[in-house]
Visitor: 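Take a look at the following structure, please.
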Amino acid sequence: DMLLTPAVYAPLEAFSLGLHGISNVAENGKKATLELKDGRQYRFISNSSTVFGEDQMFSMKKPCVYRFGIFFVPVIEVAE
């Protein structure tokens, strides 16, 4: 059901620009981080719905994906 539900994705870099943060993609797109202006940091893993941040582990309904050299995250999930 999770995979069949449509989702809107955006590059992680778009979130970092909009939130005045810094994004970094590592290990050939396997991992990415988003560091916000206030110092909070979130770690994403490609093909995974798990996000690590604020000493917690969060689960999104859709996985992050790395395509065409860009790390994409599900918009609604990350915005929340």
Side-chain angles (χ1 to χ4, degrees):
D1 185 41
M2 286 175 29
L3 297 175
L4 298 177
T5 307
V8 176
Y9 282 80
L12 183 61
E13 186 176 352
F15 282 96
S16 68
L17 292 172
L19 298 170
H20 305 288
I22 300 169
S23 62
N24 182 44
V25 177
E27 296 182 31
N28 293 321
K30 292 181 183 175
K31 297 180 180 181
T33 57
L34 173 62
E35 184 172 346
L36 302 179
K37 211 163 77 169
D38 62 7
R40 288 181 292 163
Q41 189 176 82
Y42 297 91
R43 295 184 320 257
F44 302 88
I45 302 168
S46 183
N47 299 317
S48 174
S49 60
T50 303
V51 180
F52 299 94
E54 301 179 45
D55 296 323
Q56 296 181 49
M57 182 175 74
F58 303 94
S59 181
M60 302 184 294
K61 293 179 183 168
K62 294 290 186 178
C64 298
V65 293
Y66 184 73
R67 299 283 188 273
F68 316 111
I70 301 170
F71 198 93
F72 291 94
V73 293
V75 173
I76 298 297
E77 307 263 357
V78 174
E80 292 176 346

Visitor: Same hydrophobic cluster for Phe68 and Val8, using side-chain heavy-atom links shorter than 4.5 Å among ILVMFWY?
Guide: no

Visitor: What distance do Ile45 atom CD1 and Phe71 atom CZ have between them, rounded to the nearest 0.5 Å?
Guide: 8.0 Å

Visitor: To the closest 0.5 Å, what do you measure between CZ (Phe58) and CZ (Phe52)?
Guide: 11.0 Å

Visitor: Got a list of side-chain donor-acceptor pairs under 3.5 Å for residues 11-31, not counting sequence neighbours?
Guide:
{"unit_1": "Ser16", "atom_1": "OG", "unit_2": "Glu13", "atom_2": "O", "d": "2.7"}
{"unit_1": "Ser16", "atom_1": "OG", "unit_2": "Ser23", "atom_2": "OG", "d": "3.3"}

Visitor: I'd like to check Lys62 versus Tyr9 (side-chain heavy atoms, cut-off strictly below 4.5 Å). Are they in contact?
Guide: yes

Visitor: First locate atom CE of Met60, then atom OG1 of Thr50, and finally report the distance between them rounded to the nearest 0.5 Å.
Guide: 8.0 Å

Visitor: Can you confirm whether Arg40 sits close enough to Tyr42 that some side-chain heavy atom of one is under 4.5 Å from a side-chain heavy atom of the other?
Guide: yes

Visitor: Quick check on the hydrophobic clustering: are Ile70 and Val73 connected, directly or via other members, by side-chain heavy-atom contacts under 4.5 Å?
Guide: no

